[in-house]
Amino acid sequence: DRDQTATRNALSTFTDLRKRFPDFSRDEELTTKIAQCRERLAEHEILVGQFYLRTKQYQAASNRISRVLAENPDYPKKDEAYFLLGHAYLMLEQRQRAADAAPGIQRTFGLTAVADARTEGGAVAEALEARGTAVAGEPRDDPHHRALQQKECGRAREKIARHRSH
C-alpha cells in the first residue's frame, strides 16, 4: 500500500548500529525498533499478498505470504498468514500444500480458536473450504453448499478476530 523504503532504511540503520556498537546503552529500545520495522515490512508483504489474492494472482500471493512466514518466525499474525497461504494454494489447486498450511496454524498455536477440537486443523480446513474450494476432493458448486461455505467462513473470521483480541 505504501512505499517501505523508509522502513527498510530504518531497519538497516538500527541493525548497523547494533553491529557497530554491541554495548549500546539503549539496546532494549534498539531491539524494539528492529522488531517494529520487521513487523511493518511483514505486514506490508501480507497486504501485497492479499492484493494478489483479490486479483487472482495466486502464485504471487503464495510467494509473498510464504516468504513472510519463512523470514519472520515471530510474526504476530501467523494465523492469518497461514489462512491466506492455504487459500492461495487451494486456488492454485495445490490441495496438499493447502492442507499442509492448516497444521502450520496448529503447530504455532495448538488447538486454539482457529483449529478447534472437532479434529486437528478441522476449523482451518473448513475455513479454507469456505473460501470456495474443498481441501480434499472436488469443489462443490451447489447453492446450498455455497451458503454453508459463506456461513462457515464468517465463523472462521470471527474466531481469528477473537483469538487476536486475547
Side-chain angles (χ1 to χ4, degrees), residues 1-19 22 24 26-55 57-92 94 97-132 135 152-166:
D1 138 87
R2 292 182 182 250
D3 182 19
Q4 294 298 307
T5 302
T7 306
R8 283 187 200 88
N9 290 342
L11 178 60
S12 177
T13 300
F14 293 141
T15 305
D16 185 50
L17 183 62
R18 173 170 275 158
K19 287 178 186 174
F24 187 58
R26 295 167 55 186
D27 188 62
E28 189 173 311
E29 182 181 354
L30 192 58
T31 299
T32 301
K33 294 293 184 189
I34 289 171
Q36 288 173 340
C37 288
R38 286 184 178 150
E39 185 174 339
R40 181 173 288 171
L41 291 171
E43 189 67 30
H44 174 73
E45 291 297 304
I46 293 294
L47 287 172
V48 172
Q50 289 174 323
F51 168 78
Y52 285 143
L53 285 171
R54 280 193 311 276
T55 58
Q57 298 176 58
Y58 303 116
Q59 187 62 55
S62 69
N63 291 343
R64 291 280 183 141
I65 297 165
S66 63
R67 188 171 50 232
V68 168
L69 291 167
E71 294 176 0
N72 300 281
D74 296 328
Y75 182 59
K77 297 179 183 176
K78 281 185 187 178
D79 55 348
E80 180 181 355
Y82 278 117
F83 184 88
L84 295 170
L85 181 61
H87 175 58
Y89 286 147
L90 283 173
M91 301 315 323
L92 291 167
Q94 296 177 3
R97 291 181 90 179
D100 291 344
I105 297 173
Q106 193 152 12
R107 281 192 307 276
T108 304
F109 298 99
L111 293 174
T112 65
V114 179
D116 67 15
R118 283 181 278 175
T119 60
E120 294 198 3
V124 176
E126 288 175 26
L128 291 173
E129 183 176 347
R131 299 293 290 251
V135 172
E152 190 60 37
C153 187
R155 286 185 195 154
R157 287 182 187 273
E158 289 171 11
K159 288 178 182 181
I160 290 171
R162 279 196 305 272
H163 174 71
R164 281 200 194 126
S165 68
H166 289 102

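- Within a 6.0 Å radius of CZ in R26, other residues, nucleotides and ligands contribute 12 heavy atoms or fewer.
- Between the NE2 atom in H87 and the CG atom in L92 there is a gap of 9.5 Å [rounded to 0.5 Å].
- Applying the side chain to side chain donor-acceptor pair (under 3.5 Å) test to residues at least two apart or on different chains, none of the pairs has a partner in residues 33-42.
- Note that the CD atom of Q57 and the CZ atom of F51 stand 6.0 Å from one another [nearest 0.5 Å].
- Note that the NZ atom of K78 and the CG atom of N72 stand 9.0 Å from one another [nearest 0.5 Å].
- L69 and A81 get closest at one heavy-atom pair: CD2-CB, 3.7 Å.
- Using a distance-only test at 3.5 Å, with no hydrogens or angles considered, a donor-acceptor pair links the side chain of Q4 to the main chain of R2.
- Atoms CD1 and CZ, on I34 and F14 in that order, are 7.5 Å from each other to the nearest 0.5 Å.
- Between I46 and Y75, some side-chain heavy-atom pair lies under the 4.5 Å cut-off.
- When all heavy atoms of A88 and A61 are compared, the closest pair comes out as CB-CB, 4.3 Å.
- If you take CD on E29 and OG1 on T32, they are separated by 7.5 Å, rounding to the nearest 0.5 Å.
- Taken from CG in L30 to OG1 in T15, the straight-line distance is 7.5 Å, to the nearest 0.5 Å.
- The two residues A98 and G86 come nearest to each other via the heavy atoms CB-O, 3.6 Å.
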message = Determine whether L84 and E80 satisfy the following criterion, side chain to side chain contact (heavy atoms under 4.5 Å, CB included), listing intermediate values before the conclusion.
response = CA-CA 6 Å; L84 295 170; E80 180 181 355; 4.0 Å; yes
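- Nearest heavy atom pair, residue S62 against residue L85, reads O-CD1, 3.7 Å.
- T31 contributes a side-chain N or O that, together with a main-chain N or O of D27, makes up a donor-acceptor pair within less than 3.5 Å.
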